[in-house]
**Student:** 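Before we start, here is the structure in question, set down as structure tokens.
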Amino acid sequence: MAASPRATALITGASSGIGKSLARLFARDGYGLVLVARRADALQEIAADLAKAHSVPVTALAVDLARTGGVNMLIDSLRAAAIEVDVLVNNAGFGMQGAFTALPVERQLEMIQLNLTTLTELTGRLIPGMLARGRGGVLNVGSTAGFQPGPFMAVYYATKAYVVSFSEALAEELSGSGLLVTCLAPGPTATGFATEAGAADAALFRGDVMDVDEVARIGYDGWKDGKTLVIAGHRNRMRAFAVRLFPRAYVRKIVRRLNK
């Protein structure tokens, strides 16, 4: 689905990883962009490159969405610039490896804020405009972590379970509205996520890791095709299915080993 001349996609977590790759795909198809992330320098560089390469308007907004009030700051900036968002890509998020009781509670609450609360609030604030215009939609970046509990990454896995469930429910509610709602669920991917989460040495990231551009393309194509849930990669799809077949106690022990 190519963009109309005025279509604009807002992408959170756009300064690196899957968000950056998705930004390139939307720009290639003619979307104007609003790129959001904490790092202003990296964001400005990406914005300039995409605007030059694809001749599309690109706005870079440095906002920390893990902080309370971050969404209000972003919405105020959009209003001040008279920008209407047609597609929301909720990609920003982070994880932490370690026992729940050993990790800082404050940082885990920031994880919930970014992975869950910000995603929900942005969706709720921007969808009414999409419905009024009768076009656009939402692409949420979840994770295969959302299909099972995750010992030693307990809060991260729980937030991604929410993203999967919320996305599927929202897609059903909005069926027939003209809006496309998709959850992209990647498995281990070659981004900075594992390093930032302190999980680079975990068994989960020592196995098969997908290329970030491939994951973004799969998610983007799935959204354009109107798919509700897109699990990136054949092996990840098989693993997500296999989780349903085994006892939960067994699954917990397997994931515990992968996360240590």
Side-chain angles (χ1 to χ4, degrees), residues 8-24 26 32-51 57-85 87-98 100 103-127 129 138-143 145 153-160 162-163 166-167 184 186 189 191-200 212 216:
T8 298
L10 185 153
I11 303 172
T12 68
S15 62
S16 63
I18 295 172
K20 181 179 178 180
S21 294
L22 284 169
R24 282 197 291 265
F26 276 97
L33 298 176
V34 179
L35 306 182
V36 184
R38 290 177 304 158
R39 296 183 295 164
D41 52 347
L43 208 56
Q44 291 289 352
E45 182 178 347
I46 293 164
D49 289 346
L50 290 175
V58 183
T59 300
L61 297 175
V63 181
D64 186 354
L65 294 173
R67 302 290 184 180
T68 302
V71 170
N72 285 335
M73 291 177 58
L74 176 54
I75 296 297
D76 288 346
S77 296
L78 294 174
R79 286 174 178 162
I83 295 173
E84 292 184 339
V85 174
V87 182
L88 170 62
V89 180
N90 283 308
N91 169 72
F94 70 92
M96 297 176 70
Q97 185 203 38
F100 171 74
L103 296 173
V105 172
E106 294 78 10
R107 187 59 173 158
Q108 295 191 79
L109 290 174
E110 288 182 357
M111 192 194 312
I112 292 171
Q113 176 72 32
L114 182 60
N115 296 10
L116 192 159
T117 305
T118 291
L119 176 146
T120 306
E121 185 177 359
L122 267 180
T123 303
R125 299 281 289 272
L126 295 177
I127 272 189
V138 179
L139 173 56
N140 289 327
V141 179
S143 170
M153 291 189 75
V155 172
Y156 175 76
Y157 276 58
T159 62
K160 292 304 180 179
Y162 174 92
V163 174
F166 173 69
S167 301
L184 167 62
T189 304
T191 67
F193 171 85
T195 299
E196 293 179 8
V212 66

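Any value given below was found using the heavy atoms of this structure, including those in side chains, with hydrogens, waters and symmetry copies removed.
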**Student:** Decide yes or no for Thr191 and Ser16: does some side-chain heavy atom of the first lie under 4.5 Å from some side-chain heavy atom of the second?
**Tutor:** no

**Student:** Is there side-chain contact between Leu10 and Ile83, with at least one heavy-atom pair below 4.5 Å?
**Tutor:** no

**Student:** How far apart are the closest heavy atoms of Ile11 and Leu22, and which atoms are they?
**Tutor:** CD1-C, 4.0 Å

**Student:** Could you pull out the closest heavy-atom pair between Tyr156 and Phe94, with the gap in Å?
**Tutor:** CD1-O, 3.3 Å

**Student:** For Gly17 and Val212, work out which heavy atoms get closest and say how close.
**Tutor:** C-CG2, 3.4 Å

**Student:** Is any side-chain heavy atom of Asp64 closer than 4.5 Å to a side-chain heavy atom of Leu114?
**Tutor:** no

**Student:** Could you tell me whether the side chain of Val163 reaches within less than 4.5 Å of the side chain of Asn115, counting heavy atoms only?
**Tutor:** no

**Student:** Is Lys20 close to Leu35 at the side-chain level, that is, under 4.5 Å between some pair of heavy atoms?
**Tutor:** no

**Student:** Could you check if a side-chain atom of Glu106 sits within less than 4.5 angstrom of a side-chain atom of Glu110, using non-hydrogen atoms only?
**Tutor:** no

**Student:** Which atoms form the tightest heavy-atom contact between Ala66 and Gln113, and what is the distance?
**Tutor:** O-CG, 3.3 Å

**Student:** Which atoms form the tightest heavy-atom contact between Ala197 and Met153, and what is the distance?
**Tutor:** CB-CE, 4.3 Å

**Student:** Of the non-hydrogen atoms in Val71 and Arg125, which two are nearest, and what is the gap between them?
**Tutor:** CG1-NH1, 4.2 Å

**Student:** Verify, without hydrogens or angle tests, whether Gln108 (side chain) and Phe100 (backbone) share a donor-acceptor contact under 3.5 angstrom.
**Tutor:** yes

**Student:** Do the side chains of Val36 and Leu43 get nearer than 4.5 Å, heavy atoms only?
**Tutor:** no

**Student:** Would a 4.5 Å heavy-atom cut-off, applied to side chains only, mark Leu119 and Thr159 as touching?
**Tutor:** no

**Student:** When rounded to the nearest 0.5 angstrom, what distance separates CG in Leu78 from CE in Met73?
**Tutor:** 12.0 Å

**Student:** Short question: side chain of Thr8, backbone of Leu33 - any donor-acceptor pair under 3.5 Å?
**Tutor:** no

